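First the structure, in the form of structure tokens, and then the observations on it.
Read the numbers this way: they start at 1 and go in the same order the structure lists the ligands and their atoms. In this chain, residues are counted from 1 in sequence order. Every value quoted in this text rests on a predicted model; they were computed, and no experiment measured them.
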Amino acid sequence: MSDDEVLYCINHPNVETRLRCSKCGNPICPKCAVQTPVGFRCPQCVRSQQAIFYTATPLDYGVATVVGLVISTVAAFILGQVGIFLVIILGPVAGGVIAEVVRWAIRRRRGHWIWLVVSGCIVVGALIAALYPLWRLLFAPRPVAYLPPLFRLDLIIYVALAVGTAYARLR
Ligand SMILES: [Zn+2]
Ligand SMILES: [Zn+2]
């Protein structure tokens, strides 16, 4: 192929160009070319690349919600017992574990919004742990003498740290 070969954009047959898509080799004009880390690509190749990258199915979102909710609730109950100091250390660990278990459950397929689903699960899990004393108050066989505080700074810190880590892993 000679350098001064005249090419015409496959999307704009009237536009001369010297650019080619680095994947399929089709000529593309500067208006069509999309700059990527591996060179200029035509819009078609960029689209099919994204379709391969984001492969999570609706079922994966369902699985991510159920698995995320179960493990987030367990994590919130455990971290709700250990005190703020350990929460600061273990919060990001818990977020990482939750993210990895969900990724494993959906076989590492990627989705645009999996991070949001998992973050929601972490928040709901913490709410369940925080409101659990209310449930005991309502359904305990005998009246409960002492109601633990419902405002839980430790769980709020846990949510912030765990969501931050899960977002970084799943985004
Ligand atoms: Zn292409
Ligand atoms: Zn073009």
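Looking at His12 and the Zn ion (ligand 2) together, the shortest N, O or S contact belongs to ND1.
Using cut-offs of 30° and 60° for the angle between ring planes, the Tyr132 and Trp135 rings count as parallel. In this pair, His112 and Tyr54 present their aromatic rings parallel. The plane angle is below 30°, not in the 30 to 60° band.
Residues Asn11 and Pro43 meet the side-chain proximity criterion, which asks for heavy atoms closer than 4.5 Å.
Here Cys29 contributes SG and Cys32 contributes SG, and at the Zn ion (ligand 2) these two atoms make an angle of 110°, given to 10°. Expressed to the nearest 10°, the angle at the Zn ion (ligand 1) joining SG in Cys42 with SG in Cys24 is 110°. Rounding to the nearest 10°, we obtain 110° for the angle at the Zn ion (ligand 1) between Cys21 SG and Cys45 SG.
Of all heavy-atom pairs spanning Arg20 and Leu7, the tightest one is NH2-CD2, 3.3 Å.
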